[in-house]
Amino acid sequence: MDLSYGEGYEQFREEVHTFLEKYRGKVPRPIEWQKILIENGYAARTIPKEYGGYGAEPDILQARIIAEEFAKSQVSPGMGGQGISMLVPTLLEMGTEEQKKQFVGPTLRGELVWCQGYSEPNAGSDLASLTTSAVLDGDEWVVNGQKIWTSTAQTAHWIFCLVRSEPEAPKHQGISFLLFRMDTPGIEIKPLVDMTGNANFNEVFFTDVRVPQDQIVGKRGQGWVVANAILGHERGSLASPDATLTRFNALVSLMKDETINGQRLIDIPAYRDRLMRIQGRAMAAQFNEMRIFSARINKKQDTKLAGMIVKMQGTELRHELEGLAIDAMGELGLAFGDNPYLRGGGMWQYQYMYFLGLVIGGGTNQIQKNIISERGLDMPREPKVEKK
Amino acid sequence: MEFGLSEEQTLLQDSVNRFLDDRVPLDRVRKFVTDGDDGDDIWQGLIELGVPGLIIPESAGGVGLGCLDAAIVAEALGYHVTPAPFLGSVVMAPVALIEGGNQEDLLRAIAAGDSTVGVAFGEAVGARADAGFEWDGARLNGKALFVIDYLADYVLVATSDKKILLVSSAADGLSRKALTTVEKTRRTGELVFKNTPAELISEDPNVYFRVLDAGRVMLAADTLGAAQNMIDQSVAYAKVREQFNRPIGSFQAVKHMCAQMVADLEPCRAMIWYAGYALDQLPEEARLTACHSKAHLSEVGRSVSKTATEVHGGMGFTDLLGLHYWFKRIGFNRQMLGAPEMIREEAAQVQDLC
């Protein structure tokens, strides 16, 4: 065990800190800020210069220091979204030279916003059974079908989309990964209001949407491989222990500030015990994350299982943490929307529901358990049911 | 930056595991329990591996390692439900004697494997109406209950005002009696003191907490190992046991139980490493991480030991498989040196939350 980053890195931390001090409270609008961040290597750090990145050598500790310092200073770390976090790494690995040149730079700079077309009404946990079809007609794909859980569909310029292009092939080998414009004729978007009252997601309908033949990543029928490379990336990021820690601290403040019958919530043993129990779990999750992080730098230990459980444990823990705040507030815990007695900007109820969504989203926690037991523990798979 | 065990630590754990795999299989543990033998061959083997002197300075004949090293040995002992006077002799007494000072002879004897030490901390951690003793500055009167390794050469006694005393098994006016508990891989007993001489090791509450925290992390590490073994046994059993013409491990009902156990236990490994490291290197974090790891591992241990037993169906309930040895070991670790609710309250106090 050695939890220090070393001298060279402390100097790097100082550089990041100086940069942040310069801009704190003076951050320009997002598109300009993104440009400044890329120029200084604080966004798109390891993406090659020729594709619009900063072009630094990958260094996990530097990346971690940047994340830590931005979080501490509460300065915006720049743009995120599925285009930057999911499509860009995929294109860099699987895209053609032309695709990299065309899409990576504008996506990084925030000029191109993407949405992800994976899930369908009948292809959720069993994503590979998706049926949105793509049929080649001349030099164009003709896409028909429906996607669901598509966040940012209204604002996205483009979509990266899984379609069934080889209906006769086994289900995992009949999928292709297409890219197309969201203003193509034949696309209809319907907002999907969820239990929080917001439309965090949409339904997207395709009717004879025509897509140029070359707007495919990988080869025909390779879409499942392309998509899987980035799904793993999504899972880990859904339940960051750092974010849980931030919320835990907010919960402690709430329980010190709020009173019931004149008694602080933190002084009520039943609530205090639940708070401490959550802290114990959050601590274990945080150390687990440090271990996984360390194993990425120094590959001496096997953290396969430690990584597989993060999404499942993290989302459950957050849901419970937010739930404790609601319970401890009693009827006040119900306040929502424009209620004048709202606490914490209504985030307790919002996050409580949102994290129930994340327990389900990104591969339900039951699917996570299948993955842990079958791929992590090598337990036998459920016998396959023949298609009727 | 390295969050993990060093090569030396991995080697240490491997060598202890290898010895226990070879020489202390379940049959040997059963013999210790049913025949009531002294387990001398087991302790002797651990002495040959240098375990007793693990955290004792080299100047006193020890190996000079830290609490993290001791924790990974505790994990191996828990994995094998090993009967050994580890907690007091290898960890709690050396920590107390090193902090207390002037005890080089006893440290040397412990490191050489010539002396063992039991633990009587019940009075300090949570006094019960049945027990209770007084110390007049030289002699003890009263009794201590649920003393771990009560037949050891010495017993480390903590008083309700957080003093630490040392009592020799040969001391005048000391009588010792076994107390039956569900957990039989540890020998637990009652000590009655009648004008029994006791030596003051420390009257500094900080020393008391340091000794207590080290003990708690060891019990938590023992649970980590024991729970890991129960998961390993469950997964192996679910792969071979067939019902409805298929391995029961192919049913989601069963595999999800296994996945849940792993999901709960895996982060505990990092937690124990950190808690051990904190005892050695991060004094300002050591109290909180020791409290939380003991409480959290107790909860995870309870759920893993129940679930693993269920995965084995009716066989899990029998003595034939012997799963109950791990179940009871984990139960013992939960109750001793503070049960989870009490420790979480302490964790809140450490942070000035109550």
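Just so it is clear: chains get the letters A, B, ... in the order the sequence lines come, proteins before strands, and each one is counted from 1.
- Paired with B:C67 under the rule side chain to side chain contact (heavy atoms under 4.5 Å, CB included), one option of B:L279, B:D213, B:L54 passes, and it is B:L279.
- Here the closest heavy-atom approach between residue A:M255 and residue A:R272 is recorded as CE-N, 4.3 Å.
- Side chains of A:Q313 and A:R281: a donor-acceptor N/O pair is absent below 3.5 angstrom, by distance only.
- Under a 3.5 Å cut-off, the side chain of A:Q62 and the backbone N or O of A:R13 do not form any donor-acceptor pair.
- Using a 4.5 Å cut-off between heavy atoms, B:I231 does not touch chain A at all.
- Considering only heavy-atom pairs separated by less than 4.5 Å from chain A, the leading option among B:K239, B:Q9, B:R269 is B:K239.
- Contacts between A:E374 and chain B at a heavy-atom distance below 4.5 Å involve the side chain alone, from C-beta outward.
- Looking at B:Q351, only its side chain comes within 4.5 Å of chain A, counting heavy atoms on both sides.
- Smallest separation of non-hydrogen atoms from A:M276 and B:L353: CE-CD1, 3.6 Å.
- A salt bridge is absent between B:R302 and B:E299: the closest approach of a Lys/Arg side-chain nitrogen to an acidic carboxylate oxygen does not fall below 4.0 angstrom.
- Contact count versus chain B (heavy atoms, under 4.5 Å) is highest, among A:I372, A:D273, A:N298, for A:D273.
- Exactly one residue among A:W348, A:F355, A:Y354, A:Y352 makes a ring pair (Phe, Tyr, Trp, His ring centres under 6.0 Å) with A:H319. That residue is A:Y352.
- Heavy atoms closer than 4.5 Å to chain B are found nowhere in A:I292, neither backbone nor side chain.
- Closest approach of A:L317 to A:T244, counting heavy atoms only: CD2-CG2, 4.0 Å.
- Within the 4.5 angstrom heavy-atom criterion, atoms from both the backbone and the side chain of A:E382 approach chain B.
- When the candidates A:A295, A:S373, A:P380 are compared by the number of heavy-atom contacts under 4.5 Å with chain B, A:P380 comes out ahead.
- Counting heavy-atom pairs closer than 4.5 Å to chain A, the top-ranked of the candidates B:V235, B:L68, B:V262 is B:V262.
- With B:R216 contributing its side chain and B:L337 its backbone, the two residues share a donor-acceptor pair below 3.5 Å.
- Using modelled atom types, one side-chain atom of A:K311 and one backbone atom of A:G363 make a donor-acceptor pair closer than 3.5 Å.
- No part of A:N365 comes within reach of chain B, as not one of its non-hydrogen atoms sits under 4.5 angstrom from that chain.
- Both the backbone and the side chain of B:Q252 come within contact range of chain A, each with at least one heavy atom under 4.5 Å from a heavy atom of that chain.
- Neither the backbone nor the side chain of B:A295 has a heavy atom closer than 4.5 Å to any heavy atom of chain A.
- Using a 4.5 Å cut-off between heavy atoms, B:D280 makes no contact with chain A at all.
- With a 4.5 Å cut-off on non-hydrogen atoms, B:R344 touches chain A through its backbone and its side chain both.
- Within the 4.5 angstrom heavy-atom criterion, atoms from both the backbone and the side chain of A:M379 approach chain B.
- For A:F293, the part sitting under 4.5 Å from any heavy atom of chain B is the side chain, from C-beta outward, and nothing else.
- With a threshold of 4.5 angstrom between heavy atoms, B:Y277 approaches chain A through side-chain atoms but not through N, CA, C or O.
- Separation of the B:F121 and B:Y208 ring centroids falls under the 6.0 Å cut-off.
- Heavy atoms of A:I297 lying under 4.5 Å from chain B belong exclusively to its side chain.
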